[in-house]
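Let me begin by presenting the structure, written as structure tokens, before commenting on it.
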Amino acid sequence: MKDVRTGSEGQCQRKRVFIRTYGCQMNVYDSDRMADVLRPLGYALADTPEQADLVVLNTCHIREHASEKVYSELGRLRDTKAERRAEGRDLTIAVAGCVAQAEGEEIARRQPAVDIVVGPQAYHRLPELLAEAERKSAILRAGKRLPGAGVLDTEFPAESKFDHLPSPQGVRAGSAFLSIQEGCDKFCTFCVVPYTRGAEYSRPVSAVLAEAKLLVAAGAIELTLLGQNVNAYHGEAPDGSTWSLARLIRELAEIEGMARLRYTTSHPRDMDDDLIRAHGEVPQLMPYLHLPVQSGSDRILAAMNRKHTARDYLKLVERIRAARPDIALSTDIIVGFPGETERDFEATLALVAEVDFAQAYSFKYSARPGTPAAKMDEQLPEALKSSRLDRLQQLLARQTHHFNQTCVGKTFPVLFERAGRQSGQLIGRSPYLQSVHAEADSGLLGRIIPVEISGAGPNSLTGVIRAA
Ligand code: SF4
């Protein structure tokens, strides 16, 4: 690690960056990669914004009030920056991620304390953007005027950022994310991803395999393959052929030391036969699948532009369960989409009852600016959306709790990932992605250990370590 000399006493002091990550696993991956980009510039990670010379907010545009949360955080950072400047020091503020992409110029206009706005496809350029921000800041400190202080890069560059990123360092306790695909061409009417992340792009096979091998060499025994529409993966292989996600998974499973593979997030239309078969044939592919359905009403599914029906989804679930009978299914559901009637909502409840999900994420519909659904008539009142969400979540919570209860008495291989709240306790993941709490020595972090499940809560399991 390169040290950066600062201060009149000439003490050695590293620069520090604090990265706050909002939203999905893609953003967690991007935050790790931004840390990788900044490391050669001398930036070590800070635990809090107060310790940092550079704060990056890696934002998410999916959830309700996402941009408001970013602006209130920026207000706090502006105050910190003003206090620092009064003391003759500085704080550089960067906004990255999907809010940066969607509202870049608005951010620079509304919050002049922001030095850098960088979209999700351009963060490999952070070193140049930081240098430019520093140059502008020096001009301002000298009392000169500038037309707009912030540095903005929300392009979808012709070159892939993946070709310009340094080797990944982000292996935490045996598990790592690996981004294989970005963007989306599906254009669901409620979703901003096609606008913020751009068109669907699959990384070449050789790049994915090389990064996977590096991650395994750095200690990863579990890889989660990431993409906004990950099962649409169609990467170019060295021989010029195109590999599907299933083909890639089979190859990754051959890497020595690769114990577990997962992937997220999938679209039902891209679950092809080979991928379904892989669930039954590749032992490293964990028996868990996140497969968003969004609604159980064909009318609403059509309005969402999902291009599948409730029956398509149910038939797909049947085929997946035939290939891997113990698979734990997870989903995303939006309630209160514009025009959703009580009958539509009941169709969603019926689909949920039929599938019996092990896990689910459910949300009230909230309009994302610039999406077709935001302009639709028949936006539903908040109170109605809330009461429907409450009814749905009661059903989903019962299903998750029941699934957890069926695990009691079984012994699972658990990958321990982090310390628990109580001393002497670790938390790991079962093959079905449940959190498992067990008394365990911290030396077991990053290892897969057999754990007999002794208790099941609504959202997690407890267990006792068994001899391997
Ligand atoms: S498939 Fe997923 S990422 Fe693509 S538009 Fe639909 S919800 Fe968004």
Side-chain angles (χ1 to χ4, degrees), residues 22-30 58-64 66-67 97-103 119-121 156 177 179-203 224-235 244-245 262-272 275 289-310 312-313 316-317 320 329-338 340 348 351 357 359-376:
Y22 300 82
C24 66
Q25 288 154 325
M26 294 288 292
N27 268 16
V28 175
Y29 176 87
D30 284 346
N58 191 12
T59 60
C60 168
H61 207 267
I62 298 282
R63 302 283 168 256
E64 203 173 8
S67 45
C98 292
V99 175
Q101 186 68 44
E103 302 183 21
Q121 306 307 336
F156 290 107
F177 294 128
S179 183
I180 64 167
Q181 180 278 336
E182 278 204 65
C184 184
D185 296 334
K186 295 281 191 295
F187 288 93
C188 300
T189 54
F190 54 83
C191 181
V192 289
V193 163
Y195 312 100
T196 57
R197 294 269 177 167
E200 201 277 326
Y201 164 78
S202 294
R203 293 179 70 190
T224 301
L225 310 178
L226 298 179
Q228 265 93 25
N229 196 178
V230 73
N231 58 345
Y233 179 82
H234 57 282
S244 65
L245 178 62
R262 304 180 185 276
Y263 62 92
T264 196
T265 290
S266 297
H267 192 290
R269 279 174 60 86
D270 293 313
M271 286 303 298
D272 62 31
L275 186 54
L289 176 61
H290 183 67
L291 193 62
V293 66
Q294 306 298 3
S295 171
S297 154
D298 289 346
R299 211 176 64 80
I300 296 299
L301 286 167
M304 288 175 163
N305 194 33
R306 292 290 291 174
K307 297 198 172 78
H308 63 80
T309 63
D312 294 336
Y313 188 89
L316 182 56
V317 164
I320 295 164
L329 289 171
S330 161
T331 200
D332 288 339
I333 299 173
I334 295 172
V335 299
F337 189 80
E340 184 190 74
T348 298
L351 180 137
F357 290 102
Q359 171 74 266
Y361 302 87
S362 49
F363 312 96
K364 283 188 284 184
Y365 170 76
S366 80
R368 312 314 310 154
T371 57
K375 296 183 213 110
M376 286 180 184

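Both ligands and their constituent atoms are indexed starting at 1 by order of listing. Quick note: residue numbers are just sequence positions, from 1.
Pairing each heavy atom of Thr265 with each of Pro292, the nearest pair is CG2-CG, 3.5 Å.
To the nearest 0.5 Å, the span separating CD on Gln181 from CE on Met26 amounts to 6.5 Å.
Among the backbone and side-chain atoms of Cys191, an N, O or S atom lies under 2.8 Å from atom 8 (Fe) of ligand 1. Atom 4 (Fe) of ligand 1 lies at 2.8 Å or more from every N, O or S atom belonging to Cys188.
Ligand 1 places these atoms under 4.0 Å from at least one heavy atom of Pro194: 5 (S). Set against the non-hydrogen atoms of Lys186, the atoms of ligand 1 under 4.0 Å away are 1 (S), 4 (Fe). Close contacts between ligand 1 and His267 involve ligand atoms 1 (S) [criterion: under 4.0 Å to a heavy atom]. When each atom of ligand 1 is checked for a heavy atom of Phe187 under 4.0 Å away, the hits are 5 (S). Ligand-side atoms of ligand 1 in range of Cys184: 1 (S), 3 (S), 4 (Fe), 5 (S), range being under 4.0 angstrom from any heavy atom.
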Criterion ring-ring contact (aromatic ring centres under 6.0 Å, His included) on Phe187 and Tyr195, from CA distance to verdict
CA-CA 9 Å; Phe187 288 93; Tyr195 312 100; 5.7 Å; yes
Under the salt bridge (charged side-chain N to carboxylate O under 4.0 Å, His left out) criterion, do Asp312 and Arg306 qualify, and how do the steps go?
CA-CA 11 Å; Asp312 294 336; Arg306 292 290 291 174; over 6 Å; no
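Relative to atom 2 (Fe) of ligand 1, the option among Gln228, Gln294, Lys307 with the closest non-hydrogen atom is Gln228.
Neither the backbone nor the side chain of Pro292 has a heavy atom within less than 4.0 Å of ligand 1.
The number of heavy-atom neighbours closer than 6.0 Å to CZ of Arg299, taken from other residues, nucleotides and ligands shown, is above 12.
Counting heavy atoms from C-beta on, the side chains of Ile300 and Tyr365 never come closer than 4.5 Å. The shortest distance between side-chain heavy atoms of Asp270 and Leu275 does not fall below 4.5 Å.
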